[in-house]
Amino acid sequence: MESWTPKSGRLCDIRFCRANTSKMQSYLHANILLVLESMGGTPSDFVLEFQQPGNPEHGDLACNAAMQLARHYKRAPKQIAEAIKAGLEALPLDVNKISAVEIAGPGFLNFRISNVYLFDALADILSAGPSFGHTYVGTGKRALVEFVSANPTGPLTVGHGRNAVLGDTIARLLQWTGYEVEREYYFNDAGRQMRVLGESVRARYMAELNPLIATKMIGEGDDKVEVPEPFPEDGYLGAYIADIARELISSSEEIKIEDTDRFKQAAEHKIFAEIGATLKRMGIHMDSFFNERSLYESGQIWEIIERFRKKDLAYDKDGAVWLRTTAFGKEQDTVLVKSTGEPTYRLPDIGYHIEKLERGFDRVVDVFGADHIATFPDVVEGVRALGYDADRIEVVIYQFVTLVRSGQPVKMSTRKATYVTLDELMDEVGEDVTRFFFLMRSPNTHLEFDLDLAKEASDTNPVFYLQYAHARIQSILRKADEIGMSIDGEVELSLLTHDTEIVLIKTLMGLPMQISRAAELSEPHRLANFLREVAVAFTQFYGNCRIIGEAENLARARMLLATATAQVLKNGLGVLGISAPDRM
RNA sequence: GCGCCCGUAGCUCAAUUGGAUAGAGCAGUGGACUUCUAAUCCGCAGGUUACAGGUUCGAUUCCUGUCGGGCGUACCA
């Protein structure tokens with residue numbers, strides 16, 4: 001094997017080799033407890049914990065028990081660590097699992113995983129193949145992810161994009177942890193928004209039929225626009241409204257001008273079709289669409305009010321029905337039914353969540369924008385107050401997306417049509433980049449989406465980096481195949497001894513843990529970050545170890561490692577809904 | 001005023017839910033293509049983690065307060 005001389009003092013630049021060490025942890029856990037027992041036991045509140053150090057010099061697993069127990073044993077942490085180490089060596093530990101136990105810093109016990117164990121893990125990745133990364137916490141459980149849920153008043157915008165991609169990816173993550181998952185879209189076609197939409201279409205329709213129709217100005221200041229006289233003051237100004245009107249005219253259908261519902265229906269139909277197409281383009285398929293109206297038709301929501309009344313959580317005041325949210329710790333009570341007799345959104349929302357729980361889901365995930373942050377607790381607490389297990393409801397709040405164009409934030413309003421649609425975004429930067437941009441950041445931080453950067457920046461875009469690593473591996477494997485090299489038969493994995501090879505294996509092992517953690521926390525960006533680490537680890541390996549041209553045994557071992565890397569990238573990108581091309 | 005989120009390198013963001021020397025990308029700067037894909041790699045530089053206290057072996061992380069930004073705080077959704 002060639003020797004590799006590091007240019008810096010560090011042996012390896014990979015700071016995070018997060019292997020899946022759960023089996024190893026339970027092995028060490030049992031043995032350390034055994035040793036501690038012989039040393040005089042542990043306090044009742046003691047929890048034995050392991051960490052995976054960021055710094056490779058600190059081994060693969062670290063245990064801080066000695067520091068935690070310093071007070072209990074009234075001895076210095078280092079002495080305790082020495083005693084534990086001696087105890088473990090006396091057992092002894094299996095050298096095929098742990099190759100070294102070291103004491104460092106203030107009293108950390110650092111464990112090094114033996115290469116034999118790593119080679120077994122590598123073989124496991126290859127035999128699991130496309131399913132490597134699956135875990136089982138959700139097996140036998142059902143989850144419902146509700147997301148997008150935009151009323152059909154216009155095309156999906158960039159803002160909806162974050163919601164859509166987050167929701168879909170959370171659903172994928174849950175599937176990978178064993179859940180049976182349904183994706184649901186909740187909408188309301190009976191509200192004021194939709195009525196205004198219908199009236200907007202009708203006004204455009206009338207103007208198309210009669211070009212001489214009177215016009216008026218609406219809006220204020222720079223936002224002032226000229227519209228046909230019948231246009232609602234707060235109507236929708238997007239060009240798609242006129243498109244829908246023109247389509248209605250060119251169809252042979254005769255429509256009565258008074259029939260506003262027909263205009264609304266036509267708009268709803270057309271817009272929903274477009275939303276569906278946009279979602280499909282992003283790789284998103286909804287399993288169900290839930291219409292808020294069904295909650296009224298079943299009478300469910302009126303029944304809910306009675307149930308609140310019985311618990312003295314609802315009362316009448318000023319002609320309205322109020323929910324006693326002060327009982328949930330809020331400053332004020334809130335209105336459930338307006339004095340007009342029309343419910344506020346809170347009531348159907350509570351009904352909808354009860355409905356979801358009654359459908360038997362173990363986990364009910366909502367993906368909401370930051371504007372819901374103050375309102376969803378009412379819903380969750382309301383559901384809980386009626387005796388349901390509200391802990392099964394999980395609300396993922398994401399902060400808003402700021403679009404930046406030419407260094408300036410773009411102001412967006414669906415009504416004024418001053419927005420960038422998701423389709424336009426995908427036209428400009430592609431589906432993969434669009435998904436990745438929305439996923440690469442933690443949901444609870446503001447996302448700045450720089451259009452200029454995303455557009456031109458094929459070389460600065462992290463998603464290409466991941467895809468490139470995959471394509472590069474496939475290229476090598478193709479070339480190897482051409483010259484007749486094969487990974488069939490016995491392969492000596494023990495030839496993989498280079499630092500970059502070991503680090504790469506350790507990194508690859510981390511996929512199942514990363515996926516399950518991202519699923520548990522509903523934070524897909526963790527997986528995106530992890531995949532970058534995989535690509536970095538591979539590139540390090542690539543720069544230091546050749547495959548083609550090496551002795552056959554070594555070359556075949558490395559081909560296996562490369563194959564496993566491609567598999568991890570492909571599986572991980574798949575979870576994010578991003579393609580893993582074979583050529584770029 | 002109140003509630004929630006955020007404040008980390010010039011910019012955009014990470015940091016294994018309290019760990020060891022706070023990491024990437026972009027921008028800057030200096031190098032590397034007869035070599036499996038240079039959409040790449042290797043250096044250098046860049047930090048009092050907004051600020052002040054507190055909790056403990058140990059704080060970017062938890063608590064309190066201050067400052068600054070975002071979203072809410074409707075008989076809108």
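Convention: sequence-line order gives letters A, B, ...; per-chain numbering from 1.
A gap of 9 Å separates the P atoms of B/C6 and B/C62, to the nearest Å. To the nearest whole angstrom, the two C1' atoms, one in B/U61 and one in B/A20, are 16 Å apart. Rounded to whole Å, the C1' atom of B/C2 lies 27 Å from the corresponding atom of B/U60. Rounded to whole Å, the separation between the P atoms of B/A32 and B/G70 comes to 47 Å. The P atoms of B/G25 and B/G43 are separated by 11 Å, rounded to the nearest whole Å. Only the C1' atoms considered, B/G69 is 15 Å distant from B/C51, to the nearest whole Å. The separation of B/U29 from B/G72, taken at their P atoms, amounts to 42 Å, rounded to a whole angstrom. Comparing the same atom, P, in B/C33 and in B/A52 gives a spacing of 49 Å after rounding to whole Å.
Distances shown here put every side-chain N or O of A/Arg478 at or beyond 4.0 Å from the OP1 or OP2 atom of B/C36. For the OP1/OP2 pair of B/A77 and a distance below 4.0 Å, the side-chain nitrogens and oxygens of A/Lys338 include at least one atom meeting the criterion. In terms of phosphate contacts, A/Asn151 brings no side-chain nitrogen or oxygen within less than 4.0 Å of OP1 or OP2 of B/A77. Between A/Arg346 and B/C76, a side-chain N or O to OP1/OP2 separation shorter than 4.0 Å is absent. One finds no side-chain N or O of A/Gln51 lying less than 4.0 angstrom from the OP1 or OP2 phosphate oxygen of B/U17. In this model, the phosphate group of B/C41 is approached by a side-chain N or O of A/Tyr465 to a distance below 4.0 Å at OP1 or OP2.
Applying the 3.5 Å distance criterion, the base of B/A20 shares a donor-acceptor pair with the side chain of A/Asn110. Below the 3.5 angstrom threshold, one finds no donor paired with an acceptor across the side chain of A/Asp371 and the base of B/G72.
Base contact: A/Arg583 has a heavy atom under 4.0 Å from a base atom. Residue contacts for A/Gln193: at a heavy-atom cut-off of 4.0 Å it reaches the sugar-phosphate backbone alone, with no base atom in range. Within the nucleic acid shown, A/Ala70 has no heavy atom closer than 4.0 Å to any nucleic acid atom. When heavy atoms are screened at a 4.0 angstrom cut-off, A/Ser339 is found touching base atoms of the nucleic acid. Residue-level contact check: A/Ser442 touches the backbone only, with heavy atoms under 4.0 Å from sugar-phosphate atoms and none from bases. If you check every strand for non-hydrogen atoms under 4.0 Å, A/Ser475 touches a base. Residue contacts shown for A/Ala469 are absent, as no nucleic acid heavy atom lies under 4.0 Å away. When heavy atoms are screened at a 4.0 angstrom cut-off, A/Asn529 is found touching the sugar-phosphate backbone but no base atom. Residue A/Asp481 is out of contact with every strand shown, counting any heavy-atom pair closer than 4.0 Å. Residue A/Glu342 is out of contact with every strand shown, counting any heavy-atom pair closer than 4.0 Å.
In this structure B/C41 sits in the anti conformation; its chi angle is more than 90° from 0.
Here the shortest heavy-atom pairing between A/Arg435 and A/Leu576 reads NE-O, 2.8 Å. Residue A/Pro343 comes nearest to A/Trp302 through the heavy atom pair CG-CH2, 3.7 Å, listed as atom of the first residue, atom of the second, then distance.
Of the residues near RNA chain B, A/Ile547 and A/Met67, the one whose nearest nucleotide (by heavy atom distance) lies more toward the 5' end is A/Met67.
Between A/Phe187 and A/Phe289, the ring planes are perpendicular. Angles over 60° get that label, and only those under 30° would be called parallel.
Nucleotide B/G28 is matched to B/C44 when pairs are restricted to Watson-Crick or G-U wobble geometry with both distances under 3.5 angstrom. Look at B/A39: it lacks any Watson-Crick or wobble partner with both distances under 3.5 angstrom. The nucleotide B/C4 finds its pairing partner in B/G70, both defining distances of the Watson-Crick or G-U wobble pair being shorter than 3.5 Å. The partner of B/U16, taking Watson-Crick or G-U wobble pairs whose two distances both stay under 3.5 Å, does not exist in any strand shown. Nucleotide B/C51 has B/G65 as its partner under the Watson-Crick or G-U criteria, with both atom distances under 3.5 Å.
Between A/Arg309 and A/Asp316 a salt bridge is recorded (basic side-chain N to carboxylate O distance below 4.0 Å).
Judged by ring centres under 5.5 Å apart and planes tilted less than 30 degrees, A/His58 stacks against the six-membered base ring of B/A20. By the 5.5 angstrom centroid cut-off and the 30-degree plane limit, A/Phe108 is classified as not stacked against the base of B/G19.
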| task | Output, in order, the C-alpha distance, side-chain angles, deciding distance and verdict of salt bridge (Lys or Arg N to Asp or Glu O under 4.0 Å) for A/Arg384 and A/Glu381. | result | CA-CA 5 Å; A/Arg384 194 193 307 280; A/Glu381 292 313 310; 3.3 Å; yes

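Side chain to side chain, A/Thr539 and A/Arg472 fail the donor-acceptor criterion of an N or O pair below 3.5 Å. Between the side chains of A/Asn188 and A/Tyr345, not a single donor N or O lies within less than 3.5 Å of an accepting N or O.
Nucleotide B/U56 holds its P atom 16 Å from the CD atom of A/Gln68, rounded to whole Å. Put simply, CZ on A/Phe368 is 14 Å from P on B/A77, counting in whole angstrom units.
Although no hydrogens or angles enter the test, the distance criterion places no donor-acceptor pair under 3.5 Å between the side chain of A/Thr344 and the main chain of A/Lys338.
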